[in-house]
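Report on the following structure.
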Amino acid sequence: MTAREWFIRAQNEGFAIGAFNVDNFEIFKAICLAGQKKRSPVMMEFSSGEAGYFGLKNIVDLVANARKQYGIPILLNLDHAKTVEDCMEALRLRLRSGDFAVDNSSTSEVKVPHTSEVSFVGFDDIHFDGSELSYEQNVENTKRVVAAAHAKNLLVEGELDKLSGSSEVHTEQIDLEILKKSYSDPLRAAKFVAETGVDIFASVFGNIHGTFPNQPDLDIELLKKIKEALPNTFLSLHGGSGIPAEQIREAIKVGRIVKVNVNTEIRQAFKDALNEKIGENPNEYTYYKLASDIVMAVTAVVEGKIDVFGSAGKI
Ligand code: 13P
């Protein structure tokens, strides 16, 4: 099934697919194991920093191998790409399966219809984040990404209202009044989607990157209005860490959210387990001997998210 088909199914059946950020190889393995244990599709996503660390080609190859090794649907997303060039680079790695050896340097070389019958390797979804640009520039750049991506049967996620915060464990308080000014306006969102043709809209209604001591509540009423304004567009929920499970479930139900992004809680589980193992084993110099418990700690967090998102047992 393609990413589009998975999101249609998610919307119809009332679940969301976890879009988990991959900071390192242990996290990568943990996401695969959690998807396999829960019989759930998963989306792997790489921010610019994470993609720079792994290398785009390595990412594509790792995911292609993992799809076979773990036997689960693994969708691949470039997360918060800030430049059109970064998006085009990822698009170049989207190939029909069997075309691995081709060094494809043109984004328009492989033209394919929207169909699940052709099988692909590479990215399934590109999130172009033009939220720091002027409205006009954001629309212009997003349209360029959409044209190139749709020619290769990829989905594009667009961002209009900047998601605040960063994927860290924050100790400072958020100014909730200032944050509310960044929430999505349903009519402006509908205009942006109509002008750009994005498939997924990154909605902002109380979600923020990272965890905070005064985590805001999701504005479910606003989400309802955003969904009414965008009946034919998939909605994503970024900043999935730190939000109580019942609020996430409500957002999936009311807003028919199909993709929930999670990074901070995964990074936190990894770092805590790493510190613990190193503390317990000061004389162990072989890292992989410590790694399996760390992978298990992260797997447990991802499994918990899959349960909340309702995607367990869907494969
Ligand atoms: P969190 O770090 O809050 O989980 O958000 C992740 C995210 O939205 C990545 O795009």
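Note that the coordinates shown come from a computational prediction; the quantities given were computed from them, not determined experimentally. The analysis underlying the following values was restricted to heavy atoms, covering all of them including side chains, and did not include hydrogens, waters or symmetry mates. First listed ligand is number 1; within each ligand, the first listed atom is number 1.
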Using the ring-ring contact (aromatic ring centres under 6.0 Å, His included) definition, which of the options F201, F7, W6 pairs with F234?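 Going through F201, F7, W6 one by one, the ring-ring contact (aromatic ring centres under 6.0 Å, His included) with F234 is satisfied by F7 alone.
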
If the cut-off is 4.0 Å to any non-hydrogen atom of [X], which atoms of ligand 1 fall inside it?
X	value
G240	3 (O), 4 (O), 5 (O)
S167	1 (P), 2 (O), 5 (O), 6 (C)
E45	9 (C), 10 (O)
I208	3 (O)
H238	8 (O), 10 (O)
V262	4 (O)
T264	1 (P), 2 (O), 3 (O), 4 (O)
N21	9 (C)

Classify the side-chain pair [X]/[Y] by whether it contains a donor and acceptor separated by less than 3.5 Å.
X	Y	result
N261	K259	yes
S134	Q137	no
T196	T142	no
H170	E168	no
Y135	E195	yes

Under 4.5 Å between side-chain heavy atoms, hopping through other hydrophobics if needed: is there a path connecting L187 to F192?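 Result: no, two separate clusters.
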
Is the ring pair H238/H80 parallel, tilted or perpendicular, if the boundaries are 30 and 60 degrees? perpendicular

Do L155 and D124 make a side-chain contact, defined as non-hydrogen atoms from C-beta onward lying under 4.5 Å apart? no

At what distance is the nearest protein heavy atom to [atom], and which residue and atom is it?
atom	value
atom 5 (O) of ligand 1	G239 CA, 3.2 Å
atom 3 (O) of ligand 1	G210 N, 2.8 Å
atom 4 (O) of ligand 1	S241 OG, 2.6 Å

Under 4.0 Å, heavy atoms only, figure out whether ligand 1 is touched by the backbone of D79, its side chain, both or neither. side chain

For ligand 1, indicate whether the residue E265 contacts it via side chain, backbone, both or neither (heavy-atom separation under 4.0 Å).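 It is neither; nothing of E265 touches ligand 1.
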
